[in-house]
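Below is one structure, written out as structure tokens; the observations come after it.
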4 protein chains.
Amino acid sequence: MIIYPTDQSVSLFVSGIAFLAGVVKDMAELSSKEQKRLHIIRTAMALFAQNGIHKTKVSEIAKMAGIGKGTVYEYFRSKDGIFWNAVSQWLHEFDRVITERMSGTDDPEEQLALLIRTVFDFYQSTFEGLNITLESWLEMARLHHQLKSGKGELPEGIPDLKCHFKEYRQRVKDLLTAGIEQGKFRPMNVELTAALIFAMFDGFELHYITQRSDFEDVTQVSTVFVQMILDGIRA
Amino acid sequence: MIIYPTDQSVSLFVSGIAFLAGVVKDMAELSSKEQKRLHIIRTAMALFAQNGIHKTKVSEIAKMAGIGKGTVYEYFRSKDGIFWNAVSQWLHEFDRVITERMSGTDDPEEQLALLIRTVFDFYQSTFEGLNITLESWLEMARLHHQLKSGKGELPEGIPDLKCHFKEYRQRVKDLLTAGIEQGKFRPMNVELTAALIFAMFDGFELHYITQRSDFEDVTQVSTVFVQMILDGIRA
Amino acid sequence: MIIYPTDQSVSLFVSGIAFLAGVVKDMAELSSKEQKRLHIIRTAMALFAQNGIHKTKVSEIAKMAGIGKGTVYEYFRSKDGIFWNAVSQWLHEFDRVITERMSGTDDPEEQLALLIRTVFDFYQSTFEGLNITLESWLEMARLHHQLKSGKGELPEGIPDLKCHFKEYRQRVKDLLTAGIEQGKFRPMNVELTAALIFAMFDGFELHYITQRSDFEDVTQVSTVFVQMILDGIRA
Amino acid sequence: MIIYPTDQSVSLFVSGIAFLAGVVKDMAELSSKEQKRLHIIRTAMALFAQNGIHKTKVSEIAKMAGIGKGTVYEYFRSKDGIFWNAVSQWLHEFDRVITERMSGTDDPEEQLALLIRTVFDFYQSTFEGLNITLESWLEMARLHHQLKSGKGELPEGIPDLKCHFKEYRQRVKDLLTAGIEQGKFRPMNVELTAALIFAMFDGFELHYITQRSDFEDVTQVSTVFVQMILDGIRA
DNA sequence: AATGAATGAGGCTTCATTCAT
DNA sequence: GATGAATGAAGCCTCATTCAT
């Protein structure tokens, strides 16, 4: 069973991550302070994605955001602070979108297909975020490594990536378990399979970043992806 | 069909990437100059992997390599130069190992299984390299982006990642095509499937870096991985 | 002849510098504007004393004073302005206390003893002020130095420390001269002796700041001090 | 008994603190590294004395020292580091001079007179140092205060002023005790008297800084000073 | 009158790179 | 060839001051 993208799914998605594109409709509801914060985060993400956190200057962020250099520090404690807040924001939105999308059906197959498609959509429409996500993983791996060596503390505002990942895997595991119980999926090592499916998503992300030209038609890619996975686990 | 790791495969692998562990046997054959170059690369990789290129100081590399700071510049034009040379070295070794391993059989299924296992082995045994690989992808994506914007030139010594990836995909494509022709694999969009399989490898890499604890038994993981993929494409 | 502290002397003193403790009774008589000014000065002095002018932030002063940052600038032209006004205030109060105390007697010996004791009391009870006084001397020495070099102007509101000191020395000189005339003090270089006596006061101040623990019992110290000086000049 | 300055005493003194004037004869004996360190300290002291530590820019120090900004950091960890090293150097030289001078005689009266004269000489000939000394006391008082409040650590290289002062007081105490035993000084509270004598020195320092014009003839001042003190304690 | 968000000049420090020895 | 002292460009962040509300 293959799920084709629908207008509905797209619109759901768009509303979900619209904040990154700066099109949140009910922005007016946010306090002025919060609006500016988001504005800075958005601007910073664009630059972080383009040049990486280490080559992005705070002065650039300020300039591009149309504010003074010092103003940035009214909203964030440090450049790292901006970065981790951006990552957190990103994860939070990601959560929201996924949950929204998957709540539309109870069928494991459909849910899995929806999950896959949503992730692909998300990655495609927020290309910028991918670089940041990737960089955040690297940075975090290093932070944890340093933590073990007893050198330094975790900066404030760092999202708990491990927990984030665990939740996602759990989501997929539940889905697989349900599918197996319903006789739709063949028996399998649910734990590992979930981990691998999840890894595939991110592998695609990686390649999408570095070789975008090979994946012009994301819709088609996700279709094949879904089919491949479903064929692999279907009873 | 599942391929279990064999002593042979392991030994092949080890010799392949031994340079990273500093155990190249025929090192003596290398000129003294070349030896030192490799020594610096190895040292640098360890530090790049740990702290990233931007937080690794040339003075650190020199100190850890037991040479003077200025000496580093006798062998490399710049810090970036060290980085890209290290990445190139890594890719080169990767190529060599893969080719060596896959030449052992002509059966598409076995070859695919071998490919998968080799990559997993490679990733597992050179954990440090993963961080660098990841970082190099990010950096390269940005370099290419800047290139398009007309800002700046590509530094010397940068490996052609796109070409590298293309070769790999080609390898997998050939393998799949052969399998289909032999009636072992079902008809499929070879191009896309290859891309996805390859993406999965790297997705695993990503997760392995950030959540290593969840993948203690890499052997088992690769087994499931192989099975999943083969089941998905088998006729 | 040794002068012991009396309730009277203490009360005189307290009323004199009470402004620093925020207990000026007739505060009500001050205009609301003037009250707030004093409030800011007091708050600022506490912080200046603790951290020095250069490490005290205007925002801190405002916060601790319970007012807005901008409000501070309604009452003072600049941070330096606050500082010099605080110093002036301090000197003014000091003058007032000394005059009050010494007017109680006409005997040169008693006056000298009273002067000494008053200064000691003052220094002890307003420890915070000492740091500021010291800092003001340093700053002023530098301002004068810069003035000579033709670099920059004297900020507004700077008290004339030299004049202040001259008055004090004059006070001591008059006292000594009177003592000599009355045959109570031996003939001496009045100018120099006055300068030295005065210097001793401030020397004590210095040591009191840096090594307070060695001078727990200021009463005893001042007693010895008085005796020493009187013995040194008595006929 | 009054001690007049002698050529000998002056020459002793000059050699003692010559390092501050940059006239150490056996400089050649110092390593090149150490020479440069001293050069930076000297330059920095001149600027610190003139403008204070907070208004002295590292770039200024470098410029005036004729070296690059970064070079300063090859020799000192931070601006504070330069400051505290300068202070330590100063104290160290002070110690050396005092010890040298007082070793010339065993007579308590003469020793006291020598001590006083030496300090006066020292203060006069190294005017610049006075400002720094003063500032260091202030800074240190604050550091200790912050330490008690549990905020922050003591920077490295800070000299132990308290200990330094204690030694000096001990010197004077020994001197006084000897004088009393020899029947030359009257019985007294040695502890307090020593503290006060010492305080007087520094009081003079203070006034010398702020009102130099009033003390043109330091020789005469010290003479009066000595006389006053001796008269005050002589049996 | 009171405020505090916004600002940007300015300072400390880092570190890749050079070059004289 | 090897070295490491010297350099200065570059960047993060602070904070006194302003000004619109």
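Every chain is numbered from 1, with letters handed out A, B, ... down the list of sequences.
- Straight-line distance from the CD atom of D/Gln35 to the P atom of F/dA5: 15 Å, rounded to whole Å.
- Both C/Thr56 and A/Ile53 sit near DNA chain F, but only A/Ile53 has its closest nucleotide nearer the 5' end.
- Nearest heavy atoms, B/Leu143 versus B/Ile158: CD1-CD1, 3.0 Å.
- Across its full length, the helix from E/dA2-F/dT21 to E/dT21-F/dA2 shows an angle of 0° between the axes of its 5 terminal pairs at either end, rounded to 10 degrees.
- With rounding to whole Å, C/Glu34 atom CD is found 14 Å from E/dA1 atom P.
- Here the C1' atom of nucleotide F/dA10 and the NZ atom of A/Lys55 are 14 Å apart, to the nearest Å.
- Atom NE2 in B/His54 sits roughly 11 Å away from atom P in E/dA16 (whole-Å rounding).
- Side-chain contact check for D/Asn85 and D/Arg37: at least one donor-acceptor pair (N or O, by modelled atom type) lies under 3.5 Å.
- Between A/Glu139 and B/Lys55, the closest heavy-atom pair is OE1-NZ, 3.8 Å.
- In terms of modelled atom types and a separation under 3.5 Å, the side chain of B/Glu135 and the main chain of B/Ile53 share a donor-acceptor contact.
- For the pair C/Thr71 and E/dT3, the criterion of a side-chain N or O lying under 4.0 Å from OP1 or OP2 is met.
- Take the nearest nucleotide of DNA chain F for C/Arg77 and for B/Ile67: the residue whose nucleotide is more 5' is B/Ile67.
- Both tests pass for A/Lys33 against the ring of A/Tyr75: distance under 6.0 Å to the centre and angle within 45° of the axis.
- Contact detail for C/Pro159 and C/Trp84: the closest heavy-atom pair is CD-CE3, 3.7 Å.
- The nearest whole Å value for the distance from the NZ atom in C/Lys57 to the C1' atom in E/dG11 is 15 Å.
- Atom CD of B/Glu74 is separated from atom C1' of F/dG1 by 6 Å (rounded to the nearest Å).
- At whole-Å resolution of the value, CD1 in A/Ile82 and P in F/dC13 are 8 Å apart.
- Residue B/Lys36 is in sugar-phosphate contact alone, with no base atom involved, counting any heavy-atom pair closer than 4.0 Å across all strands shown.
- Nearest nucleotide to the side chain of D/Lys33, out of F/dA5, F/dA16, F/dG1: F/dA5.
- Looking only at distances, a side-chain donor or acceptor of D/Lys79 sits under 3.5 Å from a matching main-chain atom of D/Thr56.
- For B/Lys69, no side-chain nitrogen or oxygen approaches OP1 or OP2 of F/dG4 to under 4.0 Å.
- Between D/Tyr75 and F/dA5, a side-chain N or O to OP1/OP2 separation shorter than 4.0 Å is absent.
- Spacing between atom NZ of D/Lys79 and atom P of E/dG10 amounts to 15 Å, rounded to whole angstrom units.
- Map D/Tyr73 and B/Gly70 each onto its nearest nucleotide of DNA chain E; the residue landing nearer the 5' end is D/Tyr73.
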